[in-house]
Number of protein chains: 2
Amino acid sequence: MTDGTPKTVGIKQIAAAAGISIGTVDRALHNRPGVNPKTRSRVLKIAEKLGYRPNLAARSLKLNRRLRIVAHLPRQIASFFDPLREGVREAAAAIRGVTVDVTFRTYPHLGDGDLKLLEEDLERDYDGILMTPGNPSQVESAIRRFTERGTAVVCVASDAPRSSRLASVSVDAAISGSIAAELLGTVLHSEGTVATITGDLNTFDHGEKLRGFAATLATMAPHLTLISTIETHDSPKEAYRATLALLKRNPSPAGIYVSTANSIPVLRALEENGMCGRVQLITTDLFAELIPSIESGAILATLYQRPFTQGKLAFETLCRFLVDGVQLEPVTRLAPHIILRSNLPLFLERLPAGLEMG
Amino acid sequence: MTDGTPKTVGIKQIAAAAGISIGTVDRALHNRPGVNPKTRSRVLKIAEKLGYRPNLAARSLKLNRRLRIVAHLPRQIASFFDPLREGVREAAAAIRGVTVDVTFRTYPHLGDGDLKLLEEDLERDYDGILMTPGNPSQVESAIRRFTERGTAVVCVASDAPRSSRLASVSVDAAISGSIAAELLGTVLHSEGTVATITGDLNTFDHGEKLRGFAATLATMAPHLTLISTIETHDSPKEAYRATLALLKRNPSPAGIYVSTANSIPVLRALEENGMCGRVQLITTDLFAELIPSIESGAILATLYQRPFTQGKLAFETLCRFLVDGVQLEPVTRLAPHIILRSNLPLFLERLPAGLEMG
DNA sequence: ATAATTATCGGTAACGTACCCGGAAAGTTA
DNA sequence: TAACTTTCCGGGTACGTTACCGATAATTAT
């Protein structure tokens, strides 16, 4: 309410108001030893009254903090991890008041080569690390060694819940599966069979997705029967072959949930058998090759895992902790976006050029 | 690769390497006048070679910028604007390197009292203003006066496209309507009639929503006929009464799209007539009172306009411009979230306590 | 009692940058 | 050549904070 002097109130103003020196105010504010308890409380009270807000720029200048952050991300599913990287970059570019150096390191695909990178970066003294645990149980000990030496670890896209990571950002995999089941159950009115096509049940939460799918199918769509679960191991040929095999065993499924980004071969196999309009399809992740199938109505819905947002959020969480020491939500579960024909245009901006799949 | 000396390379190191003074380096790096072109290019080359990265902490300390930002938001639709305010607050708290003072000002409801607030704040010299244009054409001249005196204006939740605002953040209203139409068209297989219930066709993009709804209904769901459009003017009694009248005229609509947050009275009217399970409902915005109806399946889908994200994004856009001078996307159209029974839990975190409606 | 130790506080350099001021060098005019 | 203008550059100060070194007062040991 005192709007007369909108001056900056710093440590110096507090010192003047209390009639003591700057050094003492600093000690009092930071619980450093060597200050009379009475003086300390008096300083805190005055700081409160004056509305003291520390100048973070000055602080990090004096401390000369230079955050070194490294991101370990696979090259494999480019349609997902490229936008994620972009999200990290954009968040890093928006940082002010402290210098951050972000290093990007890559390895072939999830669960292959990430451990070697972790070993290597244990030597270098990074302040924070961003990573996607391919096989959570395998990286737990590595994460512990990082956190013990003071390096904060944030998991993105996938989680290692039993590890000592600072935080985790990802979409909720189980709910992704549930959404797929609910959509199929709502659109399909009569009895029928559904199948799922997944990547690798051990990695990237595919297991969670299928659990959620099966559970919701049972409760919200009892008229649909889950007949088959296919693993493609992120191989296009395998996905194509497996889809053909599925159609052989079951010529007319009512719906298919593709929980991996590897959906193009599935579409091709369906198309060649004239099934494209006759089966309700739910796919995962967005990339250029998928657009025609969404626009034509061949795909009922696409569950978009928002890689850009994930990268941005993970980086912000890490920085917020390293710089200000505040710990945001330790576990953030984003809602996947449900892409339909009508809202597709809104997602075509930061679209990755193409899907590069091993 | 030169990992021998990971020292901080600053303006001083460049000066030493070039054998000139710090001041000259500063002038050269910032295109300030009074530098010999040859010296300038030499400095730039050395800076490039040494990998100079300006110390942002030192810069913002020296400049000691203090941003004064004001947000004009209505009290009315609390389920929407309270989370939006929270988003602004969180984004403001995450700002570093520059002190920002955010003032929140409120007025009764959209289109009432906002002009008076704008007039008042023309006197005070704010650096930026966040606002929701109730009636876009009315605020255009006020926005122009702000921008002419150097105050950046960002529109949030609604837009004034023909004004001189710096940027605009909102959900895509037309696509919101399209989503509603597509969902109804996909779920309803046989011929039938649908109705829409809106707030005020003049404000808050309700007109856009209905245009999108009607257009998509015609192309993607020709078996459905739009029979009626009701304006509730954000009054619960009117919404209740109008819904009853609708049922009187048309006892059994197949679907209803409620494009305003004012959906509780509609639900009550439907329930009292035993229509709850028999009509497919699509509502707008999320608040506590709506949860049971979503969980029970009485509502097919809820279009969530992500107020928290809108506030956060709008503030970030404004700050990014005021601090760094970079202009992000002038117009950001967020995708509304489609809330179903299965993904509802993900949206219950930052939920506003209750819906306060006129 | 004095000396030694501790508790409490004041003073100040430095972090890297931006900007102002004055001086030197070069060019221009009388 | 002298006086002046223009161009270019070096030196210095200040931003708010932290960390360190002394200085003084209070307490304890001898």
Side-chain angles (χ1 to χ4, degrees), chain A residues 5-44 46-47 50-67 95-101 323-325, chain B residues 5-44 46-47 50-67 95-101 323-325:
Chain A
T5 54
K7 298 290 294 296
T8 60
V9 41
I11 205 173
K12 196 189 295 183
Q13 279 70 27
I14 299 178
I20 57 178
S21 80
I22 295 178
T24 306
V25 174
D26 176 62
R27 281 184 290 263
L29 289 177
H30 296 84
N31 278 350
R32 278 188 259 274
V35 51
N36 192 314
K38 285 181 299 189
T39 314
R40 183 190 305 277
S41 66
R42 200 161 60 91
V43 167
L44 292 178
I46 293 179
L50 296 186
Y52 168 69
R53 303 240 309 153
N55 187 320
L56 301 172
R59 173 176 301 171
S60 55
L61 170 61
K62 186 65 186 74
L63 299 179
N64 194 17
R65 281 204 264 184
R66 188 181 193 82
L67 293 183
I95 282 289
R96 265 164 298 96
V98 55
T99 330
V100 293
D101 297 326
V323 176
D324 303 336
Chain B
T5 55
K7 296 291 294 294
T8 59
V9 41
I11 203 174
K12 194 189 296 182
Q13 278 71 27
I14 299 178
I20 58 178
S21 80
I22 294 177
T24 305
V25 175
D26 175 61
R27 279 184 290 264
L29 289 177
H30 296 84
N31 277 352
R32 278 188 259 274
V35 184
N36 191 315
K38 285 181 299 189
T39 314
R40 182 190 305 277
S41 65
R42 199 160 61 91
V43 168
L44 291 179
I46 293 180
L50 295 187
Y52 168 69
R53 305 239 308 153
N55 188 320
L56 302 174
R59 173 176 300 172
S60 54
L61 170 62
K62 187 66 186 72
L63 297 177
N64 194 16
R65 285 200 260 187
R66 187 179 196 84
L67 293 182
I95 283 288
R96 263 164 297 97
V98 52
T99 33
V100 292
D101 298 326
V323 177
D324 302 335

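These numbers come from the heavy atoms of this one structure, side chains and all, not from hydrogens, waters or symmetry mates. Owing to the predicted nature of the structure, the values given are computational and were not obtained by experimental measurement. All chains are named by letter (A, B, ...) in the order of the sequence lines, taking the proteins before the strands, and each is independently numbered beginning at 1.
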Among D/dT17, C/dG16, C/dA18, which is the nearest nucleotide to the side chain of B/Asn55? C/dG16
Just compare C/dC15, D/dT17, D/dC15 and give me whichever is closest to any side-chain atom of B/Lys12. C/dC15
Starting at [atom1] of [X], measure out to [atom2] of [Y] and round the result to the nearest 0.5 Å.
X	Y	atom1	atom2	result
A/Leu56	B/Leu61	CG	CG	11.5 Å
B/Lys62	B/Asn55	NZ	CG	14.0 Å
A/Asn64	A/Thr99	CG	OG1	7.5 Å
A/Ile46	A/Tyr52	CD1	OH	13.5 Å

Determine the contact category for A/Pro33: base if any of its heavy atoms lies under 4.0 Å from a base atom, sugar-phosphate if only primed atoms, P, OP1 or OP2 are that close, otherwise nothing. nothing
Would you indicate what B/Leu61 reaches in the nucleic acid, counting non-hydrogen atoms under 4.0 angstrom: base, sugar-phosphate, or nothing? base
Within the pair A/Arg32 and D/dA19, is there a side-chain N or O less than 4.0 Å away from OP1 or OP2? yes
Where do [X] and [Y] come nearest, in terms of heavy atoms and distance?
X	Y	result
A/Thr39	A/Thr24	CG2-CG2, 4.2 Å
A/Arg27	A/Gly34	NE-O, 3.9 Å
A/Ser60	B/Ala57	OG-CB, 3.4 Å
B/Arg40	B/Ala28	NH1-O, 3.4 Å

Atom [atom1] of [X] and atom [atom2] of [N]: how far apart are they, to the nearest Å?
X	N	atom1	atom2	result
A/Asn64	C/dA14	CG	P	15 Å
A/His30	D/dA19	NE2	P	8 Å
A/Asp26	C/dT8	CG	P	16 Å
A/Ile11	D/dC15	CD1	P	14 Å
A/Leu63	C/dA13	CG	P	19 Å
A/Lys62	D/dT17	NZ	C1'	8 Å

Test side chain to side chain contact (heavy atoms under 4.5 Å, CB included), reference A/Leu29, set A/Asn31, A/Val25, A/Asp26, output is A/Val25
Check the interface with nucleotides 8-12 of chain D: list each N/O to N/O pair with the protein under 3.5 Å, or write none.
from	atom 1	to	atom 2	distance (Å)
D/dC9	OP1	B/Thr39	OG1	2.6
D/dC9	OP2	B/Asn36	N	2.8
D/dG10	OP1	B/Ser21	N	3.4
D/dG10	OP2	B/Ser21	N	2.7
D/dG10	OP2	B/Ser21	OG	2.8
D/dG10	OP2	B/Thr24	OG1	2.6
D/dG10	N7	B/Arg27	NH2	3.2
D/dG10	O6	B/Arg27	NH1	3.2

With a cut-off of 6.0 Å (strictly less than), are more than 12 heavy atoms of other residues, nucleotides or ligands near CZ of A/Arg32? yes
Inter-axis angle, terminal five-pair segments of the helix from C/dA1-D/dT30 to C/dA30-D/dT1 [nearest 10°]: 50°
Contact list (N/O, under 3.5 angstrom) for nucleotides 25-28 of chain C vs protein:
none

Side chains of B/Val43 and B/Ile20, heavy atoms from C-beta outward: is any pair under 4.5 Å? yes
